[in-house]
Amino acid sequence: MKAIRVRAFGGPEVMVLEDVPDLHAGPQQVLVHVKAAGVNPTDTYTRSGTSRRPALPYTPGIDAAGIVEAVGEGVTRVKVGARVYISGSLSGAYAEQALCDEYQVHPLPERVTFAQGAGVNVPYATAYRALFQLAKTTPGEIVLVHGASGGVGVAAVQLARAAGIEVIGTGGTERGRKLAIEQGAHRVLDHHAPNYLDQIQPLTQGHGVDVILEMLANINLDKDLKVLAMGGRVVVIGSRGKIEIDPRDAMMRDASILAMLLFNATPDESFIIHSALYAGLEDGTLRPVVGKEIPLAEAPRAHREIMEPNAYGKIILIP
Ligand SMILES: NC(=O)c1ccc[n+]([C@@H]2O[C@H](COP(=O)([O-])OP(=O)(O)OC[C@H]3O[C@@H](n4cnc5c(N)ncnc54)[C@H](OP(=O)(O)O)[C@@H]3O)[C@@H](O)[C@H]2O)c1
């Protein structure tokens, strides 16, 4: 089969499509024929060697969707031929095959395409965990999805809207803001406009926002604390550097700064997350947005584009 291999950490060009031996499912393992693989910013951090450093050579990618090709001894939850999405694998997702532990494989409802399925795991699980497991957002509260045009943002908008939460989203482009509205945001703001957060008070009748899902905390955290309601919570999802904050802004509001890594979810929390995501995918409230499909061989281009501004849903690789 063909797979992207990385033999040295570095720029996008270190990803090369190679012929590699076919994979085989051992006990408790599931072999997935990958139809589409999702590209996430974290894949670029791993590839460049700035975060987690897997043993080299390795195949990048956490997210994919496809069809179960084989199951190993003892596998009970999935059958050969089933449509699935994966939440990680033993072998890497940027490939024609992915070898998974049984718990990493989840059913993909018929109405969801494979390309959409490849955009489920990291974005939706992260958004769900931030909204509900960390911030404990309840119906009737107001959430600011600070960065609503990309993978996690679109997922958060859909999840929040379906749960009866009022949603304000931000996007850096007209196209991205339109997407956020189409996906369920009640209001949108331009995070590049000067003083755009001044609009939060009038938009919320002076209440402020109860929850902020923050995609770029190193730019926004200090401003976030100033627009929170009493008892407000910020969840730091993305951050690419340092920032100075004024703790008094948090004190004045009994506010909490929460932060998360999806990888920290326990198996029980992951089970809850994927059960909830299945329900939303099945009834159509969760509809991953595929902004761009790129051939697997052009993975380097996908990694350049995911780090550029002007996000629009998900970038998906097609083997
Ligand atoms: N903690 C975790 O476990 C976890 C999991 C998943 C993702 N993440 C991180 O979360 C971030 C978002 O991930 P993603 O998959 O959604 O990436 P993505 O698809 O590339 O989207 C990036 C988002 O950030 C927005 N953004 C750009 N400048 C911003 C600003 N000044 N203020 C607010 N938002 C801004 C973009 O908006 P425009 O392009 O429209 O300007 C876009 O909505 C990344 O940093 C990623 O590494 C963390």
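All ligand and atom numbering here is 1-based and tracks the order in the structure. Any value given below was found using the heavy atoms of this structure, including those in side chains, with hydrogens, waters and symmetry copies removed.
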**OP:** Find out whether the Lys NZ or Arg CZ of Arg83 is both under 6.0 angstrom from the six-membered ring centre of Phe114 and within 45° of the ring's axis.
**Re:** yes
From the options [options], select the one whose nearest heavy atom is closest to [atom].
{"atom": "atom 33 (C) of ligand 1", "options": "Asn220, Val236, Leu179", "value": "Asn220"}
{"atom": "atom 16 (O) of ligand 1", "options": "Leu144, Leu262, Val152", "value": "Val152"}
{"atom": "atom 6 (C) of ligand 1", "options": "Thr42, Val235, Val122", "value": "Val122"}
{"atom": "atom 24 (O) of ligand 1", "options": "Met215, Glu214, His192", "value": "Met215"}
{"atom": "atom 39 (O) of ligand 1", "options": "Gly119, Ala259, Ala311", "value": "Ala311"}

**OP:** May I have the step-by-step check of salt bridge (charged side-chain N to carboxylate O under 4.0 Å, His left out) for Lys226 and Asp222, ending in yes or no?
**Re:** CA-CA 7 Å; Lys226 297 173 175 35; Asp222 186 51; 3.3 Å; yes
Among all protein heavy atoms, pick the one closest to [atom] and tell me residue, atom and distance.
{"atom": "atom 21 (O) of ligand 1", "result": "Gly150 CA, 3.5 Å"}
{"atom": "atom 44 (C) of ligand 1", "result": "Arg240 NH2, 3.6 Å"}
{"atom": "atom 17 (O) of ligand 1", "result": "Pro41 CG, 3.4 Å"}
{"atom": "atom 20 (O) of ligand 1", "result": "Ile306 O, 3.5 Å"}
{"atom": "atom 35 (C) of ligand 1", "result": "His191 CE1, 3.3 Å"}
{"atom": "atom 19 (O) of ligand 1", "result": "Gly151 N, 2.9 Å"}
{"atom": "atom 48 (C) of ligand 1", "result": "Ile237 O, 3.0 Å"}
{"atom": "atom 37 (O) of ligand 1", "result": "Ser149 OG, 3.1 Å"}

Original post:
Knowing that exactly one of Ser89, Ser91, Cys100 qualifies, which makes a side-chain contact (heavy atoms from CB on, under 4.5 Å) with Leu23?
Top reply: Ser91
Could you tell me whether the side chain of [X] and the main chain of [Y] form a donor-acceptor pair under 3.5 Å?
{"X": "Arg52", "Y": "Thr46", "result": "no"}
{"X": "His146", "Y": "Met215", "result": "no"}
{"X": "Thr59", "Y": "Ile4", "result": "yes"}
{"X": "Asn218", "Y": "Ser239", "result": "no"}
{"X": "Gln183", "Y": "Gln158", "result": "no"}

Which atoms from ligand 1 have a heavy atom of [X] less than 4.0 Å away?
{"X": "Gly238", "result": "9 (C), 10 (O), 45 (O)"}
{"X": "Gly172", "result": "38 (P), 40 (O), 41 (O)"}
{"X": "His146", "result": "33 (C), 34 (N)"}
{"X": "Leu216", "result": "28 (N), 29 (C), 30 (C), 31 (N)"}

Original post:
Do NZ/NE/NH1/NH2 and the carboxylate oxygens of Glu308 and Arg304 come within less than 4.0 Å?
Top reply: no
Original post:
Is the closest basic N to carboxylate O distance between Glu182 and Lys178 below 4.0 Å?
Top reply: yes
Original post:
Should Asn310 be counted as touching ligand 1, given the test is an N or O pair under 3.5 Å?
Top reply: yes
Original post:
So is there a nitrogen or oxygen of Met260 less than 3.5 Å from a nitrogen or oxygen in ligand 1?
Top reply: yes
Original post:
Heavy-atom distance from atom 46 (C) of ligand 1 to the protein below 4.0 Å?
Top reply: yes
Regarding [X] and [Y], is there a side-chain donor-to-acceptor distance under 3.5 Å anywhere?
{"X": "Gln97", "Y": "Glu69", "value": "yes"}
{"X": "His274", "Y": "Tyr103", "value": "no"}
{"X": "Asp283", "Y": "Thr285", "value": "yes"}

Measuring from non-hydrogen atoms of [X] to any atom of ligand 1, is the shortest distance under 4.0 Å?
{"X": "Gly147", "answer": "yes"}
{"X": "Tyr45", "answer": "yes"}
{"X": "Pro123", "answer": "no"}

Original post:
Hey, is CD on Glu13 packed in by over 12 heavy atoms from elsewhere, all under 6.0 Å?
Top reply: yes
